Peer 1: 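Okay, here's the structure, questions in a sec.
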Amino acid sequence: MQVLSVTPEIFPLIKTGGLADVTGALPIALAGKGVAMRTLIPGYPQVMAAFKKKKAVYQYPLLQGGKASIHAVQIAGLDLFVLDAPHLFDRPGGPYGNATGADWPDNWRRFAALSQVGGDIAGGAISGYQPDIVHAHDWQSAMALAYMRYGKAVGVPSLITVHNLAFQGQFGAGIFGELGLPGVAMALDGVEYYGGVGYLKAGLQAAWAITTVSPTYAQEIRSPEFGMGLDGLINMRAIDLHGIVNGIDVDIWNPETDKHLVANYSAETLAARAKNRKAVEDRFNLESDDSPIVCVVSRLTWQKGMDILAAVVDGIVAAGARLAILGSGDAGLEGALLAAAARHRGRIGVVVGYDEALSHIMQGGCDAIVIPSRFEPCGLTQLYGLRYGCVPVVARTGGLADTIIDANEAAISAGVATGFQFAPNNGGALVHAIHRLVSAHANPAVWSSIQRQGMKADVSWDRSAEKYVELYRLLLSKRVA
């Protein structure tokens with residue numbers, strides 16, 4: 001089975017968040033299950049620099065304002081189609097904005113081009129390659145399904161995975177004339193959205209199937225609270241909606257072999273975590289004692305609930321925990337957390353920024369990781385925590401609720417607890433969860449049981465990949481029918 005994946009990010013080439021981890025790991029997980037996935041990605045500078053031999057398999061004299069070409073390459077075990085369009089993607093900064101964080105004003109054009117190419121490939125543009133299915137990810141590639149619907153690939157099955165419904169790609173109606181779509185597409189059942197053009201909305205409308213990255217999130221987005229204005233459309237498509245939990249790359253995230261760690265360990269050698277714990281204490285200038293270290297590895301944003309955390313850090317310290325925080329984002333939240341660290345020297349440490357190696361050490365040395373997200377489609381951080389014996393403390397929402405078994409009295413007695421859930425998502429409930437954590441941590445037998453149970457959890461892509469294969473087969477059967 002040939003599947004074309006269309007995505008704006010893929011690990012290890014270009015990453016801003018969990019989307020890249022998913023699109024990088026899924027093709028490898030599917031390879032052993034009879035699915036050959038090729039991924040179309042933009043030719044950002046770091047992507048173009050990753051391969052030397054550049055022979056185009058397809059060329060565009062004019063694509064959204066300039067020349068472009070498609071290159072078929074293999075990088076890091078991934079089969080890729082790279083869209084080389086220098087006028088759109090050869091620029092400094094991140095994939096969506098400049099070095100100051102401001103979005104590129106032509107993002108509508110950049111990702112229309114990516115989507116148009118996805119639709120062209122689906123329609124047989126590249127000699128010798130015809131995908132059986134097209135799998136798009138988030139708003140940046142959602143329009144590929146619209147180009148398919150209104151083009152040559154109307155009969156090719158498609159699905160879209162929503163990694164975060166909050167980001168929708170909404171633009172003014174004035175861009176429609178430059179998208180290359182027929183006039184009939186500018187309609188309620190097409191790409192029109194509140195008088196403008198909605199990229200994600202268009203993909204949700206055109207897709208044969210819709211997936212989210214957890215079963216709970218699939219249900220949450222059917223409500224006005226989580227539906228972000230799209231709940232009406234999603235409910236209309238409810239029969240085609242599927243929730244499939246993400247996995248993680250268990251070769252990269254493996255405490256027994258992780259080269260970022262000071263000391264490697266397994267569920268049978270948890271005592272070796274002490275060296276990583278000491279490294280965390282040193283890096284975050286924390287006092288060395290027996291109290292649990294609770295870490296945060298996150299974007300510092302409202303969605304991630306970092307304002308909830310910032311408001312109760314005094315209560316967390318009073319409960320008997322230390323905090324190690326790694327992240328960046330909202331300037332006000334950065335300042336609030338740095339001020340908290342100044343108030344509680346030795347009890348709270350903050351590193352502003354993103355540091356992949358440090359994030360591994362924190363998972364390998366901290367006792368717990370707190371994730372107070374207001375909504376979380378899946379979440380990968382808690383899966384890393386399970387894998388590393390860094391016990392997750394999570395808000396009861398989305399994929400967090402699906403992947404963590406709360407350490408209530410019954411679950412502890414049965415030996416199945418893997419972390420701590422809290423609800424409602426407010427400061428009081430979070431502090432109460434920290435009190436529960438501190439109490440459990442004071443009982444070595446209970447704590448090690450929670451750690452080991454989490455480390456036993458299957459957080460790999462295997463089961464999730466099987467569910468994608470089942471869905472692909474279902475879509476193919478609809479095509480035949």
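In this text the structure is predicted, and so the values were computed from the model without any measurement. Position 1 is the first residue of the sequence, and the numbers go up from there.
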Peer 1: With a 4.5 Å cut-off on side-chain heavy atoms, are C390 and C366 touching?
Peer 2: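 Yes - at least one pair of side-chain heavy atoms lies under 4.5 Å apart.
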
Peer 1: Evaluate the side-chain proximity of L358 to F284: yes if any heavy-atom separation is below 4.5 Å, no if none is.
Peer 2: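 Yes, close enough: below the 4.5 Å cut-off.
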
Peer 1: Ring centroids only, cut at 6.0 angstrom: are Y384 and W253 within range, meaning strictly under it?
Peer 2: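 Yes; W253 has its ring centre under 6.0 Å from that of Y384.
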
Peer 1: Just verifying a value: how many Å separate C295 SG and I325 CD1, rounded to the nearest 0.5 Å?
Peer 2: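 C295 SG to I325 CD1: 10.0 Å, rounded to 0.5 Å.
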
Peer 1: Can D103 and R110 be said to form a salt bridge (charged side-chain N to carboxylate O under 4.0 Å, His left out), step by step?
Peer 2: CA-CA 12 Å; D103 285 350; R110 301 169 77 226; over 6 Å; no

Peer 1: Decide yes or no for T418 and L386: does some side-chain heavy atom of the first lie under 4.5 Å from some side-chain heavy atom of the second?
Peer 2: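 The answer is yes; the side chains approach within 4.5 Å.
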
Peer 1: For H163 and T161, what are the C-alpha separation, side-chain angles and deciding distance, and is it a side-chain contact (heavy atoms from CB on, under 4.5 Å)?
Peer 2: CA-CA 6 Å; H163 298 264; T161 295; 3.5 Å; yes

Peer 1: For T397 and E220, test the side chains for any donor-to-acceptor distance below 3.5 angstrom and give the result as yes or no.
Peer 2: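 The answer is yes; a qualifying pair exists.
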
Peer 1: Using modelled atom types and a 3.5 Å cut-off, is there a donor and acceptor pairing between side-chain atoms of D138 and backbone atoms of Q140?
Peer 2: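 It does not hold such a pair.
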
Peer 1: Output all residues satisfying ring-ring contact (aromatic ring centres under 6.0 Å, His included) with Y150, sequence neighbours left out; order by chain, then residue number.
Peer 2: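 With neighbours one apart ignored, the set is empty.
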
Peer 1: Indicate yes or no for a side-chain donor-acceptor contact from K152 to the backbone of G119 under 3.5 Å, with no hydrogens or angles considered.
Peer 2: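 Here the side-chain-to-backbone pair does not exist.
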
Peer 1: Using a strict cut-off of less than 4.0 Å between a Lys/Arg side-chain nitrogen and an Asp/Glu carboxylate oxygen, indicate whether R463 and D458 qualify as a salt bridge.
Peer 2: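 Looking at R463 and D458, the cut-off is met.
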
Peer 1: Which heavy atom of A173 sits nearest a heavy atom of M186, and at what distance?
Peer 2: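 So the two residues come closest at CB-CE, 3.9 Å.
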
Peer 1: To the nearest 0.5 angstrom, please state how far the CG atom of L181 sits from the CG atom of L179.
Peer 2: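 One gets 5.5 Å once the value is rounded to the nearest 0.5 Å.
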
Peer 1: Is it true that a side-chain atom of D106 and a backbone atom of R109 form a donor plus acceptor pair closer than 3.5 Å?
Peer 2: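 Not at all, since once roles are kept as given, no pair shorter than 3.5 Å links the two residues.
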
Peer 1: Heavy atoms only: give me the nearest P372-L309 pair and the separation to one decimal.
Peer 2: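 Shortest heavy-atom contact: CG-CB, 4.5 Å.
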
Peer 1: To the nearest 0.5 Å, what is the distance between CG (L80) and CG (L83)?
Peer 2: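 L80 atom CG to L83 atom CG measures 12.5 Å (nearest 0.5 Å).
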
Peer 1: Just one of L78, I75, L26 clears the side-chain contact (heavy atoms from CB on, under 4.5 Å) bar with I10, so which one?
Peer 2: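 Of the listed options, the one satisfying the test is L78.
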
Peer 1: Would you say NZ of K467 has more than 12 non-hydrogen atoms from neighbouring residues, nucleotides or ligands within 6.0 angstrom?
Peer 2: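 Counting neighbours around NZ of K467, 12 or fewer heavy atoms of other residues, nucleotides or ligands fall under 6.0 Å, so no.
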
Peer 1: Should I41 and V47 count as side-chain neighbours, where that means a heavy-atom distance under 4.5 Å?
Peer 2: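 In contact.
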
Peer 1: Thinking salt bridges, do R473 and D132 make one under a 4.0 Å N-O criterion?
Peer 2: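 Between D132 and R473 there is no salt bridge, as every charged N stays at least 4.0 Å from the carboxylate O atoms.
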
Peer 1: Please tell me if the side chains of T301 and K304 come closer than 4.5 Å, counting only heavy atoms from C-beta onward.
Peer 2: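 Yes. Closest side-chain heavy atoms under 4.5 Å.
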
Peer 1: Got a second to check how far K55's NZ is from I70's CD1, nearest 0.5 Å?
Peer 2: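 One finds 15.0 Å between NZ of K55 and CD1 of I70.
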
Peer 1: Would you please name every residue forming a salt bridge (Lys or Arg N to Asp or Glu O under 4.0 Å) with D21, sequence neighbours left out?
Peer 2: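 Here the qualifying residues are K15.
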
Peer 1: Counting the benzene-type ring for Trp, do W108 and F176 have ring centres under 6.0 Å apart?
Peer 2: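 Between F176 and W108, which both carry aromatic rings, the centre distance is not below 6.0 Å.
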
Peer 1: Considering residues at least two apart in sequence or located in another chain, which fulfil the side chain to side chain donor-acceptor pair (under 3.5 Å) criterion with Q421?
Peer 2: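 Side chain to side chain donor-acceptor pair (under 3.5 Å) list for Q421, sorted by chain: R396.
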
Peer 1: My understanding is that only one of V73, I126, V6 makes a side-chain contact (heavy atoms from CB on, under 4.5 Å) with F81; could you say which?
Peer 2: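 When V73, I126, V6 are each tested with F81, the side-chain contact (heavy atoms from CB on, under 4.5 Å) holds only for I126.
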
Peer 1: So, for A113 and Q64, which heavy atoms are closest and what is the spacing to 0.1 Å?
Peer 2: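 In terms of heavy atoms, the two residues are closest at CB-CG, 3.9 Å.
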
Peer 1: Got a salt bridge between E192 and K201, using NZ or NE/NH1/NH2 to carboxylate O under 4.0 Å?
Peer 2: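 Result for this pair is no, no salt bridge flagged.
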
Peer 1: Quick one: does L471's side chain get under 4.5 Å of W208's, heavy atoms only?
Peer 2: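 The answer is no; the side chains never approach within 4.5 Å.
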
Peer 1: Between D330 and R299, is the closest basic N to carboxylate O distance under 4.0 Å?
Peer 2: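 Result for this pair is no, no salt bridge flagged.
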
Peer 1: So, does S359 use its side chain to make a donor-acceptor pair with the main chain of E356 at under 3.5 Å?
Peer 2: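 Yes; judged by distance alone, with no hydrogens or angles, the pair exists.
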
Peer 1: State plainly whether the residues D249 and R387 are in salt-bridge range, i.e. N to O under 4.0 Å.
Peer 2: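 Looking at R387 together with D249, the answer is no, because their closest N to O distance does not fall below 4.0 Å.
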
Peer 1: Can a side-chain donor-acceptor contact be found between H71 and S69 if the only test is distance below 3.5 angstrom?
Peer 2: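 There is such a pair between these side chains.
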
Peer 1: Kindly give the heavy-atom pair with the smallest separation between A341 and V350, and that separation in Å.
Peer 2: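 Smallest heavy-atom distance, with atoms named: CB-CG2, 4.0 Å.
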
Peer 1: Would the distance check show the side chain of W461 and the main-chain N or O of G247 forming a donor-acceptor pair, the cut-off being under 3.5 Å?
Peer 2: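 Answer holds: yes.
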
Peer 1: What are the two closest non-hydrogen atoms of A85 and A68, and how far apart are they?
Peer 2: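 Reported closest heavy-atom pair: CB-CB, 3.9 Å.
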
Peer 1: Counting only N and O atoms by type, is there a donor-acceptor contact under 3.5 Å from the side chain of R222 to the main-chain atoms of A238?
Peer 2: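 Such a contact is absent between R222 side chain and A238 backbone.
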
Peer 1: So do W139 and N107 actually touch side chain to side chain, heavy atoms under 4.5 Å?
Peer 2: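 They are in contact (side-chain heavy atoms under 4.5 Å apart), so the answer is yes.
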
Peer 1: Donor-acceptor check, side chain of Q168 to backbone of M228, threshold 3.5 angstrom: yes or no?
Peer 2: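 Side chain of Q168 to backbone of M228: a pair is present.
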
Peer 1: Run the ring-ring contact (aromatic ring centres under 6.0 Å, His included) test on Y199 and F111 for me, step by step, so that the C-alpha distance in whole Å, both residues' side-chain angles and the decisive distance to 0.1 Å come before the verdict.
Peer 2: CA-CA 9 Å; Y199 281 33; F111 295 106; 8.4 Å; no

Peer 1: Would you tell me whether E9 and T16 have side-chain atoms, one donor and one acceptor, within less than 3.5 Å of each other?
Peer 2: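 Looking only at side-chain atoms, T16 and E9 do form a donor-acceptor pair, the distance falling under 3.5 Å.
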
Peer 1: Let me see the working for L4 and I133 under side-chain contact (heavy atoms from CB on, under 4.5 Å), right down to the final yes or no.
Peer 2: CA-CA 6 Å; L4 174 67; I133 293 172; over 6 Å; no

Peer 1: Indicate yes or no for a side-chain donor-acceptor contact from H87 to the backbone of L63 under 3.5 Å, with no hydrogens or angles considered.
Peer 2: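 Confirmed, H87 side chain pairs with L63 backbone.
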
Peer 1: Cation-pi check, R38 to Y129: give yes when NZ or CZ is under 6.0 Å from the six-membered ring centre and within 45° of the ring axis, no otherwise.
Peer 2: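 Ring-cation test returns yes.
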
Peer 1: Mark yes or no for whether R237, through its side chain, and A207, through its backbone, hold a donor-acceptor pair below 3.5 Å.
Peer 2: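 A pair under 3.5 Å: yes.
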
Peer 1: Please evaluate residues D84 and K67 with respect to the criterion salt bridge (charged side-chain N to carboxylate O under 4.0 Å, His left out), reporting the C-alpha separation (whole Å), side-chain torsions for both, the decisive distance (0.1 Å), and the verdict.
Peer 2: CA-CA 9 Å; D84 183 17; K67 292 182 179 180; over 6 Å; no

Peer 1: Would R436 pass as a cation-pi partner of F420, given that its NZ or CZ must be under 6.0 Å from the six-membered ring centre and within 45 degrees of the axis?
Peer 2: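 Geometry flag: not set, cation outside 6.0 Å or 45°.
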
Peer 1: Any chance you could lay out the side-chain contact (heavy atoms from CB on, under 4.5 Å) test for L204 and L200, step after step, and finish with the verdict?
Peer 2: CA-CA 6 Å; L204 294 173; L200 182 59; 4.2 Å; yes

Peer 1: Would the Y468 and H135 ring centres measure less than 6.0 Å apart?
Peer 2: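 Centroid separation for Y468 and H135: below 6.0 Å.
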
Peer 1: Is it the case that the side chains of D120 and Y58 hold a donor-acceptor pair, with the cut-off being a distance below 3.5 Å and no angle test?
Peer 2: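 The criterion, which ignores hydrogens and geometry beyond distance, is not satisfied for D120 and Y58.
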
Peer 1: What are the two closest heavy atoms between A206 and R149, and how far apart are they?
Peer 2: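 Residues A206 and R149, closest heavy atoms: CB-CD, 3.9 Å.
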
Peer 1: Atom NE2 of residue position H242 - does it have more than 12 heavy atoms of other residues, nucleotides or ligands inside 6.0 Å?
Peer 2: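 Buried by this count: over 12 neighbours within 6.0 Å.
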
Peer 1: Between the main-chain N or O of S214 and the side-chain N or O of D402, is there a donor-acceptor pair closer than 3.5 Å?
Peer 2: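 No: the side chain of D402 does not pair with the backbone of S214.
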
Peer 1: Is it the case that the side chains of Q382 and T403 hold a donor-acceptor pair, with the cut-off being a distance below 3.5 Å and no angle test?
Peer 2: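 Short answer, yes.
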
Peer 1: Between the side chains of S141 and T7, is a donor N or O closer than 3.5 angstrom to an acceptor N or O?
Peer 2: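 There is no such pair between these side chains.
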
Peer 1: Working note: I434 + F422, criterion side-chain contact (heavy atoms from CB on, under 4.5 Å); need CA distance, chi angles, decisive distance, verdict.
Peer 2: CA-CA 10 Å; I434 297 297; F422 64 91; over 6 Å; no

